[in-house]
2 protein chains.
Amino acid sequence: MRDSSDKTPIWKAIANALRSDLAEGRYAPGDKLPTEAALADRFGVNRHTVRHGISVLVEEGLVRTRRGAGAFVAATPTDYPIGNRVRFHENLIAAGRRPEKRMLALDERTATIGEAQALQIEAGDPVCAYHGLSLADGQPIAVFESLFPLARLGGITAALKETSSVTQALSVVGIDDYTRASTRLTAVRATATHALLLHVAEGDPLLRSSSLNHSQGGLPVEYGRTWFAGDRVTLTLEA
Amino acid sequence: MRDSSDKTPIWKAIANALRSDLAEGRYAPGDKLPTEAALADRFGVNRHTVRHGISVLVEEGLVRTRRGAGAFVAATPTDYPIGNRVRFHENLIAAGRRPEKRMLALDERTATIGEAQALQIEAGDPVCAYHGLSLADGQPIAVFESLFPLARLGGITAALKETSSVTQALSVVGIDDYTRASTRLTAVRATATHALLLHVAEGDPLLRSSSLNHSQGGLPVEYGRTWFAGDRVTLTLEA
DNA sequence: CTTTCCTATACAACTATACATATCTTATCA
DNA sequence: TGATAAGATATGTATAGTTGTATAGGAAAG
């Protein structure tokens with residue numbers, strides 16, 4: 001009887017080696033791993049074998065890859081508390097991450113039937129549509145679309161053009177405070193557009209939030225829909 | 001025509017044929033043998049019969065195989081003298097082989113109890129850990145980890161980042177000469193990580209050397225552990 | 001009947017190479 | 001200063017070839 005050595009496949013050994021590197025903190029979240037070619041050279045194996053090993057870590061959510069850019073240590077999923085006051089930037093800053101908001105579109109149009117119902121206005125009434133992208137540490141986190149009823153919030157479009165902060169823009173048009181009236185959550189598959197913006201694959205799961213914010217007077221001032229990248233955000237519910 | 005009286009098995013005949021090819025220098029060390037399919041075709045036998053013959057040469061250490069790549073003529077084991085002055089590169093160059101050193105990791109951490117004892121420092125004191133791979137003619141020979149006490153050798157990390165030569169880096173921080181104070185040798189089985197780096201099978205025997213180098217002043221300046229691929233190196237003791 | 005030798009087939013694991021596609025970097029020009 | 005183009009990098013995909021392993025079976029020898 002020869003010693004039948006219980007053998008670990010090379011790809012698994014590579015996955016283990018990289019995983020322990022991550023566990024030891026050799027690479028910080030967001031850091032770029034060595035390129036596949038460099039790792040293949042280091043271990044003296046073919047690039048495909050390295051790719052197999054890395055794919056394990058991607059599968060586990062420890063690593064994210066971007067074609068043409070590299071493989072990166074996955075950022076810790078952002079805990080995102082949902083309460084009656086949701087402020088995107090504050091949450092991210094509290095989590096020690098660098099938030100960024102990028103405006104994609106800002107225009108005035110008429111409300112659809114569903115939107116009008118949510119905002120308690122008439123279908124066809126003018127609204128301000130604010131479309132944007134939220135990032136943390138340069139990584140896209142969510143796509144959002146906010147609708148504001150122009151009848152109640154004249155001048156919000158111009159205000160948003162300046163600040164890009166919803167809270168601040170609402171303040172300009174006289175809404176000093178607002179609270180979340182309702183939040184609905186569902187999981188959807190990423191459309192091509194959302195996938196492109198969020199740097200995920202088409203069909204990847206997204207967390208969609210539909211929320212309604214009321215003014216102190218109890219009237220709807222904002223109807224927002226947000227698509228979160230499912231593997232980068234964890235929503236937490238407060239009591 | 002001794003078809004009826006031929007009592008040597010085909011696989012043994014193939015082994016002999018290949019062995020004499022090697023003895024005649026038909027293949028140089030490092031050369032690739034014909035593929036199993038080609039040999040099977042040449043001898044007019046099944047691939048498994050050829051594999052059996054090749055496996056004999058692998059047992060004898062004349063041939064090394066790499067899955068997916070082929071069978072290669074093994075390089076003769078490197079004689080590696082162990083004395084009070086051990087310089088890796090010089091030994092390999094003297095043996096007519098092309099040495100190469102590859103840095104795997106370089107970081108500063110705190111010493112474990114055993115490491116501290118060897119280096120005559122306190123447990124938890126900062127050390128510089130230099131992890132690397134040594135190759136000869138592109139073939140991995142040994143994995144090593146060198147520890148340097150930062151209290152006595154401030155700046156060694158930066159120096160190693162530049163030179164990758166231990167002797168040179170020690171010179172930068174004021175250690176112009178050092179000698180081996182002790183060397184301990186044991187045989188261990190290859191872990192998955194070591195097997196991966198050394199291109200051996202998991203569980204294969206490795207030669208592990210723990211050595212301590214002192215400065216001229218008699219203080220420990222380096223505590224090194226090295227894992228040699230057992231079939232690729234022979235350690236020799238000097239008087 | 002059992003063991004050894006050899007054949008046959010199929011699949012898994014790894015290598016080698018080429019090319020496509022996305023990203024990053026740098027030079028260049030207006 | 002900023003925009004653009006070009007080149008270098010890096011990951012994604014496809015194809016083919018090679019060794020490793022498992023299984024099954026036939027033929028000859030002890």
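In the text below, chain A, chain B and the rest are named by the order of the sequence lines, each starting its count at 1.
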Show the distances under 3.5 angstrom between N or O atoms of the protein and N or O atoms of nucleotides 25-27 of chain D.
none

Problem set entry | Nearest-Å distance for atom pair CD1/P, residues B:I14 and C:dC5 | 13 Å
Exercise. Is B:T35 near enough to D:dG17 that one of its side-chain N or O atoms lies under 4.0 angstrom from OP1 or OP2?
Worked result: no
For this session: Give the B/S/- string for nucleotides 10-17 of chain C, one per nucleotide from 5' to 3', where a protein heavy atom under 4.0 Å of the base yields B, of only the sugar-phosphate yields S, and otherwise -.
Result: B--BBBBB
For this session: Return the value, rounded to whole Å, for the distance between atom CZ of A:R64 and atom C1' of D:dG12.
Result: 15 Å
Exercise. Does the pair B:R64/B:D231 count as a salt bridge with the N-to-O cut at 4.0 Å?
Worked result: yes
Problem set entry | For B:N46, side-chain contact (heavy atoms from CB on, under 4.5 Å) partners two or more places apart | B:H48, B:T49
Exercise. Quick one: does B:L39's side chain get under 4.5 Å of B:I14's, heavy atoms only?
Worked result: no
For this session: Report the residues that fulfil side-chain contact (heavy atoms from CB on, under 4.5 Å) with B:K161, sequence neighbours left out, ordered by chain and then residue number.
Result: B:L106
Exercise. How would you list, by chain and number, every residue that makes a ring-ring contact (aromatic ring centres under 6.0 Å, His included) with B:F144, sequence neighbours excluded?
Worked result: B:Y130
Exercise. Is it true that B:R189 and B:E202 have a side-chain N and a carboxylate O under 4.0 angstrom from each other?
Worked result: no
Exercise. Could you give the CZ-to-C1' distance, from B:F43 to C:dC6, as a whole number of Å?
Worked result: 16 Å
Exercise. Between A:R109 and A:E115, does at least one N-O distance fall below 4.0 Å, as a salt bridge requires?
Worked result: yes
Problem set entry | With B:H199 via ring-ring contact (aromatic ring centres under 6.0 Å, His included) - residues at least two apart | none
Exercise. Atom CD1 of B:I54 and atom P of D:dT18: how far apart are they, to the nearest Å?
Worked result: 13 Å
